[in-house]
There are 2 protein chains.
Amino acid sequence: MKPKITLKSLAEILNVSVSTVSKSLANNPEISDETRLRVRAVATKYNYIPNQYAVRLRKGNTKTIGVIIPNILNPFFAKVLIGLEEVLSKKGYNIITSISHESTEKEIKCVKTMSLGFIDGLIMCLAKETQINKEFSHLDMIIDKELPMVLFDRIHNDIECDKVINDDYEASYRATTHLIQDKGCKNIALVSSIADVHLGKLRLEGYQQALIDHGIEVNPSHIINSPNLIDFTSRIPSALKDQSIDGFFGVNESAIMKTINIAKKMEYDISTLVPIAAFCNTYQLRNHPSLIIVDQHATEIGHKTAQLMLDRLLKDEQKSYTTATVKASLDYKTY
Amino acid sequence: MKPKITLKSLAEILNVSVSTVSKSLANNPEISDETRLRVRAVATKYNYIPNQYAVRLRKGNTKTIGVIIPNILNPFFAKVLIGLEEVLSKKGYNIITSISHESTEKEIKCVKTMSLGFIDGLIMCLAKETQINKEFSHLDMIIDKELPMVLFDRIHNDIECDKVINDDYEASYRATTHLIQDKGCKNIALVSSIADVHLGKLRLEGYQQALIDHGIEVNPSHIINSPNLIDFTSRIPSALKDQSIDGFFGVNESAIMKTINIAKKMEYDISTLVPIAAFCNTYQLRNHPSLIIVDQHATEIGHKTAQLMLDRLLKDEQKSYTTATVKASLDYKTY
DNA sequence: CTGAAAGCGCTAACAA
DNA sequence: TTGTTAGCGCTTTCAG
């Protein structure tokens, strides 16, 4: 690598002091236009770039936010990331991203590296394992240092921090109601692989309440849940053969995906068979005809989360923690 | 935020010098076990975390790698990212990711921020716009600073750096040959939305050569290319109605996706109609029955790219630039 | 208007 | 075995 060009070397070239160079580059009005321009010209010529590590050491803030997401292949998280980046980068913040791969062990590692004095704040979505086992002790590393933390999507009441979630219960209620009222469904099968996590339970409850409120009895055999989709290969075919089922509600994307694929293998074209509503973020599934999508507005979740982080960072008042809700919307257009 | 706990404050608490604390924490054998342990105990108690910006300023390297990808929603890039992270984080490197959204303007911005003294090296995949317009001047910021740079997937000969790509021509040749030899196809339609980028051309050429080598004439009307898929709505239906077409080759995922969806809207179930081969990284498409997938081994591309970066970073010999090729494989299993 | 100097938190060569 | 000290590159106060 070339010899690094620093303030000092510029100063030597220009025969001025280091502080003059620094001030000139900062457009400090103390410096005369003449020297200021002369300095800046040389700096550009030599392609001078300030060492951010020195700047940040000096200034005392890192201007970087850590983000931990469980799975980058899930487009929901990818979209949230895009949203986060949009607002944080605009404010001059950098983002370091780590992926927990849904494992608490990996998550702890991420938190450790992150809290290693790198970041001004942490944004994360809990790994499935973490949320289920309620193992949050590693977050104390963050909380003890009083680093601002914002959790999104998968949260827990015991963790004291700002949070951003969807209105999962209500969205689920609305989607189910839509199937009942507008599509005339009476026997809606619910497919899920996330009934063990909190938000999965909420969505299930929304579905159940909608049924009840419309005078439909909840039929347990219509609730198909299997954490790793393993039961799906046995349970979905019988559901498909059950003539009474006149609608599907997919509580999460992989569950409805699996259902559609199993149907396809059985040579059922599920999309022409019965109405389907589902939480979904994949562009591909959106092309599926006659699918009613519950759009979580992932990018907006990113925006909101980033904003909450900035609020903590910039305002020193100790306002109490908030939980923001992003309203999911039913999306009928299939394109 | 709490008062930061630093080496100095620890030293005061312990009534030893700063360097004793530093050495103890670094497990320097110079220090007696007794003080070493005493120091470490207090450090853990107070949750001491070294300020990385100070460490890096002192040590002179940033231990972070910049990564710029065009689109995080494309699972190919998401997988490459996973691969990169796997090997870089193991070596103690952090990653800052930025997304160019396929725009040169945004890409320039990313490169600027990155080169702002943050990174030890840059890994990137060119934005489509950048590759098409051959606008690489912003990369000079990196090259001039002699920062190691590794390009993957979308590359250009004019850019002097290490590169990692797939064997696109050969993979395309193999896939087409498979359709011809094993599936008995004679009239294979090629669908593409990337014929304007280099790798899209290579894949097209591989297809054409395979046809020629098997005594099949290249029929231009069988080559359906449209940069933004706009022509697909008009051209795909006629291709589907053309009884002579007995196979499809998707040069990229969105093209084959669009084809399948248009077919679906026309009530053709393409998968039972004719054999399809396609470059594809989406888990969802993998479930598509009877689809022959060209697997680019994106994660491996990530591994290889990261390895090339580490080689540059760790070995100071000025070896000449290499271009590594990751062999794509044909994947028949549909699960 | 310009420069000298202190110090951010850390490491490491050198001294004791 | 421990401590002193210089300095990484930068900003900023204070003095000139």
Side-chain angles (χ1 to χ4, degrees), chain A residues 1-40 42-43 46-64 92 115-120 145 147, chain B residues 1-40 42-43 46-64 92 115-120 145 147:
Chain A
M1 273 203 260
K2 274 189 191 174
K4 283 264 184 233
I5 166 113
T6 67
L7 275 194
K8 200 171 145 196
S9 55
L10 283 182
E12 276 161 13
I13 294 164
L14 285 151
N15 264 318
V16 293
S17 76
V18 177
S19 56
T20 304
V21 180
S22 173
K23 285 172 187 166
S24 300
L25 295 173
N27 277 325
N28 186 321
E30 277 180 5
I31 305 295
S32 70
D33 275 7
E34 197 206 318
T35 31
R36 201 169 53 80
L37 294 173
R38 199 166 63 93
V39 169
R40 296 182 73 88
V42 175
Y46 283 90
N47 242 314
Y48 167 70
I49 284 168
N51 178 321
Q52 290 304 312
Y53 291 86
V55 173
R56 284 164 182 200
L57 172 58
R58 179 60 230 239
K59 291 232 185 115
N61 66 350
T62 73
K63 275 276 185 184
T64 106
S115 67
L116 226 58
F118 270 117
I119 55 171
D120 282 343
K145 293 185 70 189
L147 272 179
Chain B
M1 274 204 260
K2 274 190 192 175
K4 284 263 182 232
I5 166 113
T6 67
L7 275 195
K8 200 171 143 199
S9 56
L10 284 182
E12 275 162 14
I13 293 165
L14 285 152
N15 265 319
V16 293
S17 76
V18 177
S19 60
T20 305
V21 180
S22 172
K23 285 173 187 163
S24 300
L25 294 174
N27 277 325
N28 187 319
E30 276 181 7
I31 305 295
S32 71
D33 274 6
E34 197 207 319
T35 31
R36 202 169 53 79
L37 294 173
R38 200 165 63 93
V39 169
R40 297 180 72 86
V42 175
Y46 283 89
N47 242 311
Y48 168 70
I49 283 167
N51 179 321
Q52 290 304 310
Y53 291 86
V55 173
R56 284 166 182 199
L57 172 59
R58 178 63 231 245
K59 291 234 184 114
N61 65 351
T62 74
K63 275 278 186 182
T64 106
S115 67
L116 226 57
F118 272 115
I119 55 170
D120 282 343
K145 293 185 69 186
L147 272 179

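Chain letters run A, B, ... following the sequence lines, proteins first, then strands; residues in each count from 1. It should be emphasised that the depicted structure is a prediction, and the values quoted were computed from it without experimental measurement.
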Calculate the interatomic distance between [X] atom [atom1] and [N] atom [atom2]; express it in whole Å.
{"X": "A:Ile31", "N": "D:dT13", "atom1": "CD1", "atom2": "P", "value": "14 Å"}
{"X": "B:Leu14", "N": "D:dG3", "atom1": "CG", "atom2": "P", "value": "10 Å"}
{"X": "B:Asn15", "N": "D:dT2", "atom1": "CG", "atom2": "P", "value": "14 Å"}
{"X": "A:Glu30", "N": "D:dC14", "atom1": "CD", "atom2": "C1'", "value": "10 Å"}
{"X": "A:Lys8", "N": "C:dA4", "atom1": "NZ", "atom2": "P", "value": "13 Å"}
{"X": "A:Leu7", "N": "C:dG3", "atom1": "CG", "atom2": "P", "value": "14 Å"}
{"X": "A:Gln52", "N": "D:dC8", "atom1": "CD", "atom2": "C1'", "value": "15 Å"}
{"X": "B:Leu57", "N": "D:dC8", "atom1": "CG", "atom2": "P", "value": "9 Å"}

Remember a base hit wins even if backbone is also touched, and classify A:Ser22 as base, sugar-phosphate or nothing at under 4.0 Å, heavy atoms.
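The answer is base, as A:Ser22 lies within the cut-off (heavy atoms under 4.0 Å) of a base atom.
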Between B:Leu14 and B:Val39, is there a side-chain heavy-atom distance shorter than 4.5 Å?
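Yes - at least one pair of side-chain heavy atoms lies under 4.5 Å apart.
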Item to complete: Please figure out whether B:Val18 or B:Lys59 has its closest DNA chain D nucleotide nearer the 5' end.
Response: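 Checking each residue's closest nucleotide, the 5'-ward one belongs to B:Val18.
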*Could you pick out which residue, A:Thr6 or A:Asn28, lies toward the 5' side of DNA chain D when each is mapped onto its nearest nucleotide?*
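Of the two residues, A:Thr6 wins.
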Expected output: side-chain [X] to main-chain [Y] donor-acceptor under 3.5 Å:
{"X": "B:Arg36", "Y": "B:Asn27", "result": "no"}
{"X": "A:Arg56", "Y": "A:Asn61", "result": "no"}
{"X": "B:Lys23", "Y": "B:Glu30", "result": "no"}

For D:dG3, does the base pair up with any side-chain atom of B:Lys23 as donor and acceptor (N or O, under 3.5 Å, distance only)?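 Between D:dG3 and B:Lys23, which were checked side chain against base, a qualifying N/O pair under 3.5 Å is present.
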[N], OP1 or OP2 - any side-chain N/O from [X] closer than 4.0 Å?
{"X": "A:Tyr48", "N": "D:dG9", "result": "no"}
{"X": "A:Ser19", "N": "D:dT12", "result": "no"}
{"X": "B:Ser17", "N": "D:dG3", "result": "yes"}
{"X": "A:Thr35", "N": "C:dT2", "result": "yes"}

Measuring from B:Ser22:OG to B:Lys8:NZ, what's the distance to the nearest 0.5 Å?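 Output value for this atom pair is 15.0 Å.
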